[in-house]
Engineer: 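Handing you a structure now.
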Amino acid sequence: MADRGPYERLEAALGHVEPPFAVVDLDAFGANADDLVRRAAGKPVRVASKSVRCRALLYAALQRPGFRGVMSFTLRETLWLHGHGVGDLLLGYPTAERAALAQLARLDADRPPVLMIDSIEHLDLIDAAAPARRRPVRVCLDFDTSLELAGGRVRIGPKRSPLRTPAQAQALARAVVARPGFELAGVMGYEGHVAGVGDRPPNPLLGAGVRAMQRAAVAQLARRRAAVVAAVRAVVPVPLVNGGGSGSLETTAAEPVLTEVTAGSGLFAPALFDRYRAFRPRPAALFCLPVVRRPGAGVATVLGGGYPASGPAGRDRLPRPYLPAGLKLTALEGAGEVQTPIIGAGARTLRPGDRVYLRHAKAGELCERFATLLLVQGDRVVDEVPTYRGEGQAFL
Ligand SMILES: Cc1ncc(COP(=O)(O)O)c(C=O)c1O
């Protein structure tokens, strides 16, 4: 049999399915998972659930060697996953969900989920929402990782936490230990300016700037993280030190102080993750839209497609046509609410009823648009699994 291209392979598997639908290529997902584990260089990989948003695929990752635990994104989601048997949960962001805090306080579990905090106000909020609890609430300190230049007058990085210095982290660690009803479980610092910013953007000048910034950031952060963890461990010997993301596994895992790294997006390999030099994940999560009309030669219009990703609004947040090859969005219309014109060499032969596969710019957000994911292996659909949304869960 003649070799088939990627489009023909997808169509062989999915030609009978009516678009729109979303699909995860399990061969690519597995290869990406292996690559994340390789890049983590022996550190366990905690899966970022926000970047997957599908229980079946979270479990699929957790069953693979090298993965351990979930970094969740809301407390309601955390408790839902806990109720479904996920035992090792680190909520990656502070919560103000009072009802869920009260529910957490009633949980009878040896190792309840760990909450993220960065201030005394978070402790107060937890105490107010859940004054009586069965067990201490386990918390993790989230410290700021941004690159400080010009003696701290310039800061590059996510505006995440007020805890910057080892002394500040130590003071909060002392406050946690001194307060009844809490247990300090860990320290986390997420270097979004390294993990979440591709160092191979289309503009080469920008790329050189990003690489210089990231080199300085990685060196400074390694020193700061070691000092923050040492300061906290002088108060209490916390077992967990988490950091990193899909885009930074090499540099994060190289810091001896880390006990684990986090990754999620690298599994689906959305379009924004084409922009890293250190790794080339295989596009695993796609969605398929039908061509519905041809407004002119060289233009084909698909139904739907307007699923922009979060972050600073810009063209790179729009979905990217993937297969057949040689397609792109138009500058003026982008991705439309109901219709999306598509141009490029590949558009000339498209006719109504043909199908186009696109990639979301980010990972888990795709699952907020589709109730199920079709799982493809080789050229066969092997399963169809619900997304969070498909299970009636819209956490964010
Ligand atoms: C706290 C935290 N850790 C890790 C990550 C990395 O996730 P991913 O690998 O999906 O980029 C993120 C992403 O925003 C995050 O917020």
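Computation of the quantities below employed the complete heavy-atom set of this structure, encompassing side-chain atoms and omitting hydrogens, waters and symmetry-equivalent molecules. Atoms within a ligand are numbered from 1 in the order they appear, just like the ligands themselves.
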Engineer: Centres of the Y93 and F73 rings: under 6.0 Å?
Structural biologist: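 No.
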Engineer: Is the ring pair F29/F268 parallel, tilted or perpendicular, if the boundaries are 30 and 60 degrees?
Structural biologist: tilted
Engineer: Which atoms of ligand 1 sit under 4.0 Å from any heavy atom of M188?
Structural biologist: 1 (C)
Engineer: Which atoms of ligand 1 are found less than 4.0 Å from any heavy atom of G245?
Structural biologist: 6 (C), 9 (O)
Engineer: Under 4.0 Å, counting heavy atoms only: does Y93 come that close to any atom of ligand 1?
Structural biologist: yes
Engineer: Where on S265 is there a heavy atom closer than 4.0 Å to ligand 1, on the side chain, on the backbone, on both, or on neither?
Structural biologist: both
Engineer: For the residue pair N242 and T262, confirm or rule out a side-chain donor-acceptor distance under 3.5 Å.
Structural biologist: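 Looking only at side-chain atoms, T262 and N242 do form a donor-acceptor pair, the distance falling under 3.5 Å.
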Engineer: Does the distance from a Lys or Arg side-chain N to an Asp or Glu carboxylate O, for R39 and E250, drop under 4.0 Å?
Structural biologist: yes
Engineer: When you measure from the heavy atoms of A263 to every atom of ligand 1, does any distance fall below 4.0 Å?
Structural biologist: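 Heavy atoms of A263 do come under 4.0 Å of ligand 1.
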Engineer: Which residue from G244, A195, S310 reaches closest to atom 4 (C) of ligand 1 through any of its heavy atoms?
Structural biologist: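 Selected option, by shortest heavy-atom distance: G244.
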Engineer: Does NZ or CZ of R133 fall inside the cone over F182's six-membered ring, less than 6.0 Å from its centre and within 45° of the axis?
Structural biologist: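 Verdict for F182: a cation-pi partner in R133.
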Engineer: Do any nitrogen or oxygen atoms of S246 come within less than 3.5 Å of a nitrogen or oxygen of ligand 1?
Structural biologist: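 Yes, at least one N or O pair falls under 3.5 Å.
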Engineer: Please confirm whether G364 comes under 4.0 Å of ligand 1, counting heavy atoms of the residue only.
Structural biologist: no
Engineer: Taking the six-membered ring of F395 (Phe, Tyr or Trp), confirm whether the NZ or CZ of R76 is under 6.0 Å from its centre and within 45° of its axis.
Structural biologist: no
Engineer: Considering heavy atoms of the protein only, find what lies nearest to atom 14 (O) of ligand 1 and give residue, atom and distance to 0.1 Å.
Structural biologist: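 Heavy-atom neighbour on the protein nearest atom 14 (O) of ligand 1: K50 CE, 3.1 Å.
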Engineer: If you have a sec, work out which protein heavy atom is nearest atom 7 (O) of ligand 1 and how many Å separate them, to one decimal?
Structural biologist: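 Ranked first by proximity to atom 7 (O) of ligand 1 is A48 CB, 3.9 Å.
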Engineer: With a 6.0 Å cut-off on the ring centroids, do Y307 and F287 count as close?
Structural biologist: yes
Engineer: D199 and salt bridge (charged side-chain N to carboxylate O under 4.0 Å, His left out): which partner among R277, R211, R215, R275?
Structural biologist: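 In the set R277, R211, R215, R275, the residue that makes a salt bridge (charged side-chain N to carboxylate O under 4.0 Å, His left out) with D199 is R277.
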Engineer: Measure the distance from atom 5 (C) of ligand 1 to every protein heavy atom, then report the residue, atom name and distance (to 0.1 Å) of the closest one.
Structural biologist: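 So the nearest neighbour among protein heavy atoms is Y190 CE1, 3.4 Å.
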Engineer: Determine whether the side chain, the backbone, both or neither of R160 has a heavy atom under 4.0 Å from any heavy atom of ligand 1.
Structural biologist: side chain
Engineer: Taking only Lys NZ, Arg NE, NH1 and NH2, and the carboxylate oxygens of Asp or Glu, determine whether R179 and D124 approach each other closer than 4.0 Å.
Structural biologist: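 A salt bridge links R179 with D124.
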Engineer: For ligand 1, which is the ligand I care about here, please tell me if G264 has any N or O atom under 3.5 Å from one of the ligand's N or O atoms.
Structural biologist: yes
